[in-house]
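Structure first, then comments.
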Amino acid sequence: MVNNHRQDRIDSYFLELWKQNSRNITDSMAAMEEDGDESPTELNTINTYGGFLNVFPDKLSVQYTSVNLHGHDVGVVQGNRPAPAKRLVYYFEIYVKNAGAKGQIAIGFTTEGFKMRRQPGWEANSYGYHGDDGFLYRGHGKGESFGPTYTAGDTVGGGINYASQEFFFTKNGTVVGTVYKDVKGPLFPTIAVHSQNEEVRVNFGKEPFVFDLKVFEAQERAKQQMMIEKMSLPQNVSHGIVRSYLLHYGYEDTLKLFDMAGKSSLPPISLPKENGFNEQDNMYALNRRKTLRQLIRSGEIDEAIGKLGDWYPQIIQVDSRILNIYYMLGLCFISIPGLGDTLWLASAFNNSIMIKTSLQVLKLRIALTAEMTYVLRDTSATCFLLHCQKFIELIRAGKLEEAVAYGRIEFEKVSGVEEFRQVIEDCAALLAYEQPQQSSVGYLLSESQREIVADTVNAMILSTNPNVEDSQGCLHSYLERLLRQLTACYLERRSLNGDQGEAFQLRRVLNCAKKD
């Protein structure tokens with residue numbers, strides 16, 4: 001007998017997975033993997049000290065317009081947005097058009113509340129690379145030897161390496177040096193001018209950089225990859241992981257070919273039992289799981305439901321209970337026996353009930369309605385998703401009238417289940433479009449939807465194995481759990497860095513492998 005709690009967990013998981021597709025979670029996840037925050041595009045002309053500098057109308061060029069009489073007579077301006085943090089590297093450049101009287105130009109990063117009459121690096125939580133002495137200033141007025149000076153005609157850049165948590169600065173396309181970044185909050189790209197006629201132009205990326213940022217990023221990723229490559233793994237572990245994936249999802253034919261191709265190699269390692277699940281459990285009902293997956297992937301849902309009912313009736317037995325109650329309710333509505341008449345009905349619990357009066361019929365009708373509510377709460381999401389897929393296949397085949405009739409019957413049965421409401425509405429919406437593939441619910445006609453249903457049935461069958469201790473092992477293969485753990489590690493690492501740095505981009509990794 002199937003463990004009901006285990007079955008409910010699996011049902012809930014795959015029902016939510018279907019709903020995620022309806023909310024376009026796949027697309028939003030792809031967007032999250034990309035740079036999610038906007039980059040600075042121009043200088044902030046509002047938050048600046050206008051008494052000592054002039055920002056040109058292009059909002060990219062700055063000139064010192066006063067005479068430097070005091071140390072705090074600095075013209076400072078920030079970018080209009082903080083440096084984006086959800087990426088590997090952020091970088092910007094300035095071109096020194098005129099070094100002015102003293103060449104006291106600076107480039108760096110400051111926080112939002114930075115005093116706009118101080119050079120970057122002179123105040124806490126700020127960093128600045130200064131042109132007149134080549135010193136680096138970080139949070140106090142005393143600089144330290146860092147790099148060469150720079151003057152008119154030079155291009156100087158400032159960047160944040162989120163992977164190493166470092167600031168770096170460049171001069172004319174070459175890295176000058178790096179310094180550890182001990183500030184976790186938002187940082188604004190900042191430039192300062194401090195002597196008469198100094199003039200600089202900033203480039204936030206609209207024009208090509210002098211510094212080759214792509215090469216720098218590639219080098220940083222190569223460093224990370226070298227660290228990963230140093231990690232040792234058990235011999236032939238990949239063979240075992242791939243084999244467990246094929247076993248888990250019932251790819252029996254591919255598994256046989258895989259085993260034949262690997263006969264000459266070292267024997268695969270034995271993956272340890274995890275969450276009450278091991279490789280032997282994945283062998284359970286392999287041929288039947290393969291058959292059902294093939295039927296669902298080819299759209300033969302009726303045959304899949306039939307075989308599932310023959311092989312694992314406990315998975316879809318709720319359907320028969322609903323039909324039984326519907327049948328009895330129908331008899332109650334059309335058969336109101338007269339006084340002294342006798343009517344025999346079989347209940348959902350296979351008990352015999354003798355009805356002698358119309359009052360008794362009314363009471364039975366109320367009881368059956370209550371029982372229907374109870375049964376609907378216990379309705380299998382696996383059955384529901386199979387019926388949804390059958391409806392979708394009818395739409396795919398252009399059998400609209402048949403789809404409408406089928407939907408009226410099957411969707412009406414579960415109309416009282418709130419968890420199913422959105423799925424039903426999305427399926428029914430397919431009928432509203434002449435070209436449903438191009439509609440907002442066109443995802444339902446994709447192959448990935450068939451896979452969700454096939455995976456649901458596969459997991460439910462695995463859960464019927466009496467040796468399985470926990471449903472978690474029925475949901476995912478070792479390979480998928482490994483990828484989830486890897487993603488979690490990257491997210492944790494980024495969290496420790498103040499949620500800075502790029503996310504683990506599985507799509508990018510796979511695309512790079514294809515290019516290679």
Side-chain angles (χ1 to χ4, degrees), residues 35 37-68 72-85 87 89-123 125-132 136-137 150-160 167-172 181 183 185-211 213:
D35 175 23
D37 37 4
E38 294 182 284
S39 299
T41 56
E42 59 187 33
L43 296 171
N44 185 348
T45 57
I46 298 176
N47 184 28
T48 184
Y49 195 78
F52 298 102
L53 59 77
N54 174 46
V55 179
F56 287 70
D58 64 3
K59 295 185 180 181
L60 295 174
S61 299
V62 174
Q63 184 181 43
Y64 193 85
T65 56
S66 185
V67 177
N68 179 5
H72 58 265
D73 293 344
V74 184
V76 184
V77 62
Q78 297 175 325
N80 63 333
R81 298 188 185 99
R87 54 171 65 181
V89 174
Y90 172 73
Y91 180 77
F92 77 108
E93 288 181 342
I94 61 171
Y95 173 72
V96 182
K97 189 174 181 180
N98 190 333
K102 299 180 180 179
Q104 295 176 328
I105 299 167
I107 181 173
F109 293 92
T110 59
T111 56
E112 186 173 11
F114 182 74
K115 295 179 180 179
M116 302 306 287
R117 291 183 64 180
R118 301 284 286 167
Q119 287 270 17
W122 285 3
E123 296 290 327
N125 298 322
S126 68
Y127 295 77
Y129 172 35
H130 293 212
D132 58 333
L136 176 75
Y137 293 79
Y150 52 90
T151 186
D154 289 329
T155 298
V156 185
I160 306 174
F167 293 106
F168 67 96
F169 295 93
T170 69
K171 177 183 175 181
N172 297 328
K181 182 178 79 68
V183 182
L187 291 166
F188 289 78
T190 306
I191 58 175
V193 285
H194 198 188
S195 70
Q196 192 172 19
N197 296 323
E198 289 176 356
E199 184 178 342
V200 299
R201 177 179 172 82
V202 65
N203 178 15
F204 287 119
K206 187 176 181 180
E207 300 173 1
F209 292 127
V210 173
F211 177 64
L213 185 60

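For reference, positions follow the sequence shown, starting with 1. Computed from a predicted structure; not experimentally measured.
Note that the CZ atom of Phe211 and the OG1 atom of Thr170 stand 6.0 Å from one another [nearest 0.5 Å]. If you take OG on Ser39 and NZ on Lys206, they are separated by 14.0 Å, rounding to the nearest 0.5 Å. Distance check, rounded to the nearest 0.5 Å: CZ of Arg117 to CH2 of Trp122 gives 11.5 Å. Interatomic distance, Phe56 CZ to Glu199 CD, rounded to the nearest 0.5 Å: 4.0 Å.
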After noting the C-alpha distance and the side-chain angles of Ile160 and Lys181, does the key distance pass the side-chain contact (heavy atoms from CB on, under 4.5 Å) rule?
CA-CA 8 Å; Ile160 306 174; Lys181 182 178 79 68; 3.7 Å; yes
Derivation of the side-chain contact (heavy atoms from CB on, under 4.5 Å) call for Asn203 and Phe209:
CA-CA 8 Å; Asn203 178 15; Phe209 292 127; 3.5 Å; yes
For the pair Phe168 and Tyr91, evaluate side-chain contact (heavy atoms from CB on, under 4.5 Å) and give the outcome as yes or no after the intermediate values.
CA-CA 9 Å; Phe168 67 96; Tyr91 180 77; 3.7 Å; yes
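Here the closest heavy-atom approach between residue Leu187 and residue Asn125 is recorded as CD2-O, 4.3 Å. Shown here for Val74 and Ala192, the closest heavy-atom pair between the two residues is CG1-CB, 4.0 Å. Listed here is the closest heavy atom pair of Ser195 and Gly100: OG-C, 4.1 Å. Pairing each heavy atom of Ala152 with each of Asn98, the nearest pair is CB-CA, 4.3 Å. The shortest non-hydrogen separation linking Ile107 to Phe169 is O-CE2, 3.6 Å. Closest approach of Leu43 and Val77 over heavy atoms only: CB-CG2, 3.9 Å.
For the residue pair Asp58 and Ser61, a side-chain donor N or O sits within less than 3.5 Å of a side-chain acceptor on the partner.
Annotation: salt bridge (Lys or Arg N to Asp or Glu O under 4.0 Å) contacts of Lys59 (sequence neighbours excluded): Glu42. The side chain to side chain donor-acceptor pair (under 3.5 Å) test applied to Asn80 returns Thr41, not counting sequence neighbours.
With a 4.5 Å cut-off on side-chain heavy atoms, Tyr129 and Tyr150 count as touching. Side-chain contact between Pro120 and Tyr137: absent, with no pair of heavy atoms (C-beta onward) separated by less than 4.5 Å. Under the 4.5 Å side-chain criterion, counting only non-hydrogen atoms from C-beta, Pro84 is in contact with Pro40.
With Met116 as reference, Val76 is the one residue of Thr110, Val76, Asn44 to meet the side chain to side chain contact (heavy atoms under 4.5 Å, CB included) rule. Each of Asn54, Ile105, Ile94, Ile191 was compared with Val62 under the side chain to side chain contact (heavy atoms under 4.5 Å, CB included) criterion, and only Ile191 meets it.
Close placement of the Phe109 and Phe92 rings is indicated, their centers lying within 6.0 Å of each other.
In this structure a side-chain-to-backbone donor-acceptor pair under 3.5 Å is present from Glu93 to Val210. Judged by distance alone, the side chain of Gln119 and the main-chain N or O of Gln104 form a donor-acceptor pair under 3.5 Å. A donor-acceptor distance shorter than 3.5 angstrom exists from the side chain of Ser126 to the backbone of Gly121, with no hydrogens or angles considered.
In this structure, Glu207 pairs ionically with Arg201, as a charged nitrogen and a carboxylate oxygen lie closer than 4.0 Å. Asp132 and Lys102 are not joined by a salt bridge, as no carboxylate oxygen comes within less than 4.0 angstrom of a charged side-chain nitrogen.
The aromatic rings of Tyr127 and Phe167 are tilted relative to each other, their planes meeting at an angle between 30° and 60°.
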